[in-house]
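Written out below as structure tokens is the structure these notes cover.
Fair warning: this is a prediction, and the values are worked out from it, not measured in the lab. Proteins come first, then strands; the chains are lettered A, B, ... in the order of their sequence lines, and each starts at number 1.
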Amino acid sequence: MLKIYNTLTRSKEIFTPRVAGKVGMYVCGMTVYDYCHIGHARVMVVFDIAARYLRYSGYDLTYVRNITDIDDKIIKRAQENNEQIVDLTERFIDAMHDDERALAVLPPDIEPRATKSMDDIILMITGLFEKGLAYTGTNGDVFYAVDKFPGYGALSGKKLDELQAGERVEVDQAKKNPFDFVLWKKAKVDEPYWNSPWGRGRPGWHIECSAMATRCLGNHFDIHGGGMDLQFPHHENEIAQSEGATGGKFVNVWMHNGFVRINEEKMSKSLGNFFTVREVLKQYRPEVIRFFVLSSHYRSPLNYSDEQLDDAGMALTRLYTALRGVAIITGLSTRYSERFKQAMDDDFNTPVAVAVLFDMARELNKEKNNNSELASQLAGELKELSSVLGILQDDPESFLQAGDTVQEGGLAEQEIELFIEQRIQAKQNKDWALADKIRDDLKQQGIVLEDVATGTSWRRE
RNA sequence: GGCUGCGUAGCAAAGUGGUUAUGCAGUGGCCUGCAAAGCCAUCUACAGCGGUUCGAUUCCGCUCGCAGCCUCCA
């Protein structure tokens, strides 16, 4: 029985889909004006695993993740680059998809874009006007009147009067209440625009998600996710817009993932302490990054460091080593599968799920030389469970021989095989000094030899 | 200032009112020509102070420390 932590109630709840067997999930995606960093990678991987596990559990899932392809930062960046907005956004959408594929993140079922959802956006704002929740400010922008929506603050646990105590925000004089937010922003000269009943302009950030989620999943759906920082004001505002417009419930379960940190500090654009996915991929293989992400629970902070990535690489090496040289027989489902499901059912507890995989690896290592059929069945079960996490699907030999980190140059495979042949000769001649020298020399170059029953295998450190 | 959340062994990271998490590292053993890998055993814990309890790392309170949100941010 799946339990998910719901930010709205601040507790783990038994997950019950609106329609039996069917799940609609919407995740706030990227604003495409720059490369994805590791924080974005975490969102992609976390919700990819949620999607995989929902499907593994038998749900018919519709997974929607949007692309924000028009906003102030995009406009600004395009101007700086002296580039057309579409050229900029297309470039970074492609880059995002590259990163996604590298990290074995399966694409969402629907990937709506703000610029292609204008009719839905305008329709929703019109509805908000009709309900008396929207008004045009003195500067021509359209705002949402937060104090007209009784439930405002429920998601983030904030109260409007307490918020007002917090000042230091430059209050826009066009607003009636400082916490009113823009639904439709009037276009300035040289800014891109769409026509609307309120003049030429573009949508505010929050309305596009309300409109796209509703268009793709209906007025009311099961799961809405995103990073912790979206809780307020973004998701709070989405609720106000959607529930304000429809008069009904918007989302049942709100999921928020924790931040990636560097030196105990949030990784973010504004702090400038971020690493892009493509930078990190130069140093570490994609599966290592993926394992690093799922080695902590999705709501916990995840500290980024080389040590952590190295650890992830070593852990994967252990799992692949267990699978090495074992034939795969699928179909077995033992108590390990039960434990794995139990872990994942507990709010997607991937660290515990991974611990189950290690327990399987231990038994697999024992049975390898004992009961090869059982070993093969365990290996099959291990691979199957791992596929829910999106790891361990590579060929063990090629994973191990590629090494933990991305190699520059180094010995070619054929050269290594040649040295191994020479060493086998030396061993047959009982020339231990030569055999050890060959092994030590290879070790110097990061090649580890392992004598096993069937011969000598090698891997990169 | 208001509101969240966190503080677990050398490092990372789960979890639990009384019983082995797990990975890496350490120690002892088995295996090996010697190693590596693997297997077995084993040492380092639950920020501090009180309270509840037969018993708390786990529940409650306080203190200290850290992070996040309150402004665009995944």
Subject >> Involving RNA chain B, stems made of at least three consecutive Watson-Crick or G-U pairs, both distances under 3.5 Å >> reply: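 B:1-7 with B:64-70, B:10-12 with B:22-24, B:26-30 with B:38-42, B:47-51 with B:59-63 - these are the stems of 3 or more pairs that involve RNA chain B.
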Original post:
Is any side-chain nitrogen or oxygen of Arg324(A) closer than 4.0 Å to OP1 or OP2 of G38(B)?
Top reply: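 It does not, given that no N or O in the side chain of Arg324(A) lies less than 4.0 Å from OP1 or OP2 of G38(B).
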Nearest listed nucleotide, side chain of [X], among [options]:
| X | options | result |
| --- | --- | --- |
| Phe179(A) | G23(B), C70(B), A12(B) | C70(B) |
| Arg439(A) | A35(B), C24(B), A36(B) | A35(B) |
| Pro351(A) | A37(B), A13(B), A74(B) | A13(B) |
| Ser270(A) | U4(B), C72(B), C69(B) | C72(B) |

Original post:
Leu316(A) has an atom CG; how far is it from atom C1' of G23(B), in whole Å?
Top reply: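 It works out to 11 Å between those atoms.
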Subject >> Given Thr456(A), Asp436(A), Asp451(A), the one that forms side chain to side chain donor-acceptor pair (under 3.5 Å) with Lys427(A) >> reply: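 Option passing the side chain to side chain donor-acceptor pair (under 3.5 Å) with Lys427(A): Asp451(A).
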Original post:
Do Lys158(A) and C69(B) have a side chain to base donor-acceptor pair shorter than 3.5 Å?
Top reply: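 Yes, the side chain and the base share a sub-3.5 Å donor-acceptor pair.
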Original post:
What about Asp436(A): does its side chain form a donor-acceptor pair under 3.5 Å with the base of G33(B)?
Top reply: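 When only heavy-atom distances are counted, Asp436(A) does reach the base of G33(B) through a donor-acceptor pair under 3.5 Å.
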**OP:** Using the C1' atom as the reference point in each nucleotide, state the distance between U44(B) and U8(B) in Å, no decimals.
**Re:**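 Going atom to atom, C1' in each nucleotide, I get 13 Å.
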Subject >> Contacting residues from residues 356-364 of chain A, given that a heavy atom lies under 4.0 angstrom of RNA chain B >> reply: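 Nucleic-acid contacts, sorted: Phe358(A), Asp359(A), Arg362(A).
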**OP:** For side-chain contact (heavy atoms from CB on, under 4.5 Å), just list the numbers for Leu155(A) and Phe232(A), CA-CA rounded to whole Å, side-chain angles, deciding distance to a tenth of an Å, and then say yes or no.
**Re:** CA-CA 8 Å; Leu155(A) 178 69; Phe232(A) 188 90; over 6 Å; no
Original post:
How does each nucleotide of nucleotides 6-11 of chain B score, in 5' to 3' order, for protein heavy atoms under 4.0 Å: base (B), sugar-phosphate only (S), or none (-)?
Top reply: ------
Original post:
Heavy atoms under 4.0 Å, any strand shown: does Asn257(A) hit a base, just sugar-phosphate, or nothing?
Top reply: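 Counting heavy atoms under 4.0 Å across all strands, the contact made by Asn257(A) includes a base.
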